[in-house]
Amino acid sequence: GAVVSQHPSRVICKSGTSVKIECRSLDFQATTMFWYRQFPKQSLMLMATSNEGSKATYEQGVEKDKFLINHASLTLSTLTVTSAHPEDSSFYICSAQGGTQQPQHFGDGTRLSIL
Amino acid sequence: GQQLNQSPQSMFIQEGEDVSMNCTSSSIFNTWLWYKQDPGEGPVLLIALYKAGELTSNGRLTAQFGITRKDSFLNISASIPSDVGIYFCAGLGGSQGNLIFGKGTKLSVKP
């Protein structure tokens, strides 16, 4: 149980392109979903927290207009990197949580490469 | 803010050896989690600890939640090559259930 599917697994695109990443909880309802960014050899850095039907809460230093988050249902959240530039290249990982004191279960990540 | 200190940063061991890593914090957490991350993949939950003093096993893995709720250790017995990866401890805190991660322990196992 507790499977989280993240798609796509890898994206390579030109600078200026907007990229959408989907995160789905397959066998449970996720009251909260989280989006992380991970740089090589570092731990996960929380970007934003989203609850179904409400606006996402962004961490300090994360541009909400750059990283658009939509959490339209209890099983789906999307992260759109708008007008992506090479410095946005990174490994993006989502997680889903069934309740506030429940473990987060992670997707397999999306490797984003902006040329 | 809340921080987790995880050690060691990396370990190089021989196959068959036992491994121990730990995490400490200046803050109390209600839940401690241990994850393993393979290269290019998301973290996978290994063990979740909910009660102070709790000792939980998952196959060759054993983890304990410190009695003060400020520390935890993870042991791996009889390591095998597929144990290679980065192990993260994480404390569950905050009203939205945010995770606070340690910096990870990179485990290398020599066959």
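Sequence lines set the chain letters: A, B, ... in the order given, protein chains first and strands last, and positions in each chain run from 1.
Within a 6.0 Å radius of NZ in B:Lys110, other residues, nucleotides and ligands contribute 12 heavy atoms or fewer. Heavy-atom neighbours of B:Gln9 CD from other residues, nucleotides or ligands within 6.0 Å: at or below the threshold of 12.
Note on A:Tyr36 and A:Leu76: separate hydrophobic clusters, where clusters join Ile, Leu, Val, Met, Phe, Trp and Tyr whose side-chain heavy atoms are under 4.5 Å apart, directly or indirectly. Linking Ile, Leu, Val, Met, Phe, Trp and Tyr whenever their side-chain heavy atoms come within less than 4.5 Å leaves B:Phe29 and B:Phe73 in two separate clusters. Clustering ILVMFWY residues whenever any of their side-chain heavy atoms sit less than 4.5 angstrom apart, transitively, puts A:Val62 in the very cluster that holds A:Ile21. Hydrophobic clustering (side-chain heavy atoms under 4.5 Å, transitive across Ile, Leu, Val, Met, Phe, Trp, Tyr) keeps A:Leu46 apart from A:Tyr58. Follow the hydrophobic side-chain contacts under 4.5 Å out from B:Ile100 and you reach B:Leu49 in the same cluster.
The side-chain heavy atoms of A:Pro103 and B:Tyr50, taken from C-beta on, include a pair separated by under 4.5 Å.
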(message) Test side chain to side chain contact (heavy atoms under 4.5 Å, CB included) on A:Phe106 and B:Val44; report intermediate values, then the result.
(response) CA-CA 7 Å; A:Phe106 289 84; B:Val44 173; over 6 Å; no
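For a residue to count as touching a neighbouring chain, one of its non-hydrogen atoms must lie under 4.5 Å from one of that chain's; by this rule B:Gln37 touches chain A with the side chain only.
Near-neighbour residues of residues 37-45 of chain A relative to chain B, defined by a heavy atom under 4.5 Å from a heavy atom of that chain, comprise A:Gln38, A:Gln42, A:Ser43, A:Leu44. Of all residues spanning residues 79-96 of chain A, those with a heavy atom less than 4.5 Å away from chain B's heavy atoms are A:Phe91, A:Ile93, arranged by number.
A side chain to side chain contact (heavy atoms under 4.5 Å, CB included) with A:Gln97 holds for exactly one of B:Leu92, B:Leu99, B:Asn98; it is B:Leu92.
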